[in-house]
Amino acid sequence: MQTIFYGDSELVFSAAGEQRPPGFTAVTYGGDSAKMIENLEKYKRVWALSPDPSKACGDFVANFMPVEAAGGVVENGRGELLMIRRNGRWDLPKGHRENGEQFAECALREVWEETGVEAQLRAAEPVHTTMHFYRGKVGWEMKTTLWFGMRSDTAAMHPQREEGIESVEWVPRGEVAARAADCFPSVREVLRAAKWI
């Protein structure tokens with residue numbers, strides 16, 4: 001089941017008989033994406049019921065302009081996680097994929113551009129994939145981000161301030177959960193998938 005994020009809101013498409021997690025409000029999805037956005041703004045965690053959840057999810061996603069991105073979950077030799085403070089919240093480095101660029105190449109480039117940290121991939125396959133939508137400059141966009149596990153021992157770091165990054169830090173494993181509480185839900189999902197929280 002793919003969770004789709006919208007700011008601090010979460011959307012999951014489901015069949016009527018599936019177990020709904022605590023805190024989610026069940027609504028029926030009838031194909032109206034604008035109504036679904038209203039539901040997300042009102043309830044924050046929406047369990048969208050449909051006879052065919054996969055098709056409903058695909059139909060919903062098709063209403064948005066697709067955007068591709070990649071990011072890094074970077075660990076150093078001391079077992080610390082690379083985190084950034086962006087626009088007042090804790091985050092992980094990520095960014096848009098350029099034309100002709102492979103997702104893994106994008107992730108490595110974005111980590112370096114946003115933090116000054118040179119990293120190496122742990123594996124060719126991503127550790128997780130997230131989807132979130134937002135209102136972009138020319139309309140609604142749906143960003144699919146592939147997240148890659150990385151390793152680095154770079155000491156020098158510098159935040160890419162023109163991207164709203166205020167600071168870059170290596171965070172001890174015991175402090176990641178506290179920082180995660182101040183992340184967007186999509187980033188918390190990545191941290192759970194990568195076994196940091």
Side-chain angles (χ1 to χ4, degrees), residues 1-73 81 83-97 103 107 110 126-137 139-149 164 171 175-197:
M1 246 183 297
Q2 175 73 53
T3 302
I4 300 175
F5 298 94
Y6 172 48
D8 284 308
S9 300
E10 301 174 53
L11 170 64
V12 177
F13 287 90
S14 173
E18 293 179 22
Q19 181 69 32
R20 177 170 31 125
F24 277 82
T25 300
V27 301
T28 301
Y29 179 66
D32 186 343
S33 60
K35 179 66 176 169
M36 189 54 64
I37 293 170
E38 287 177 16
N39 285 327
L40 285 165
E41 290 172 345
K42 180 178 180 181
Y43 300 117
K44 298 300 182 196
R45 301 179 85 200
V46 174
W47 195 254
L49 300 173
S50 170
D52 187 344
S54 294
K55 182 179 183 313
C57 182
D59 291 346
F60 179 77
V61 169
N63 289 295
F64 300 84
M65 185 174 77
V67 175
E68 296 178 331
V73 183
L81 177 67
M83 295 189 80
I84 61 175
R85 185 90 175 157
R86 185 197 316 257
N87 299 323
R89 295 184 87 156
W90 288 105
D91 202 348
L92 298 172
K94 64 182 177 302
H96 291 89
R97 187 169 75 99
F103 280 100
E110 286 291 342
V127 295
H128 196 61
T129 300
T130 56
M131 295 179 73
H132 78 275
F133 67 91
Y134 52 90
R135 190 184 293 278
K137 295 176 184 173
W140 289 97
E141 299 179 356
M142 180 70 70
K143 183 185 286 184
T144 300
T145 305
L146 275 62
W147 297 90
F148 292 84
V171 180
E175 297 177 20
V176 172
R179 303 278 178 106
D182 190 31
C183 294
F184 282 108
S186 58
V187 175
R188 285 196 295 274
E189 184 177 86
V190 173
L191 293 173
R192 279 192 293 271
K195 304 198 179 342
W196 279 94
I197 59 173

Taking every non-hydrogen atom, the tightest pair across [X] and [Y]:
X	Y	value
Ala180	Leu191	CB-CD1, 3.8 Å
Cys183	Arg89	O-NH2, 3.4 Å
Ala15	Pro53	N-CG, 3.3 Å
Gly149	Val127	N-CG1, 3.8 Å
Leu49	Ala26	CD1-CB, 4.1 Å
Pro21	Trp47	CD-CZ3, 3.2 Å

Which residues share a side-chain contact (heavy atoms from CB on, under 4.5 Å) with [X], sequence neighbours left out:
X	result
Pro66	none
Lys44	Ser9
Thr144	Thr129, Met131, Leu146
Ser33	Phe60, Asn63

Worked check of side chain to side chain contact (heavy atoms under 4.5 Å, CB included) between Phe5 and Thr3: CA-CA 6 Å; Phe5 298 94; Thr3 302; 3.5 Å; yes
Is the shortest side-chain heavy-atom distance between [X] and [Y] below 4.5 Å?
X	Y	result
Arg45	Pro185	no
Phe184	Asp8	yes
His96	Lys143	yes
Tyr6	Leu11	no
Glu141	Phe64	no
Leu81	Leu92	yes

Separation between NZ of Lys35 and CG of Leu40, rounded to the nearest 0.5 Å: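 It comes to 11.5 Å.
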Working to the nearest 0.5 Å, report the span between OG of Ser50 and CG of Asp59.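 Reported to 0.5 Å precision, the distance equals 8.5 Å.
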Does Phe24 have more than 12 heavy atoms from other residues, nucleotides or ligands lying within 6.0 Å of its CZ?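 More than 12 within 6.0 Å, yes.
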Which pairs pass side chain to side chain donor-acceptor pair (under 3.5 Å) with one or both residues in residues 16-32, sequence neighbours excluded?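 Passing the test, one end in residues 16-32: Ser14-Glu18.
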Tell me the side chain to side chain donor-acceptor pair (under 3.5 Å) pairs involving residues 179-197, sequence neighbours left out? Arg85-Asp182, His128-Glu189, Glu169-Arg179
Before giving the answer on side chain to side chain contact (heavy atoms under 4.5 Å, CB included), spell out for Ile4 and Phe13 the whole-Å C-alpha distance, their side-chain angles and the decisive distance to 0.1 Å. CA-CA 9 Å; Ile4 300 175; Phe13 287 90; 4.2 Å; yes
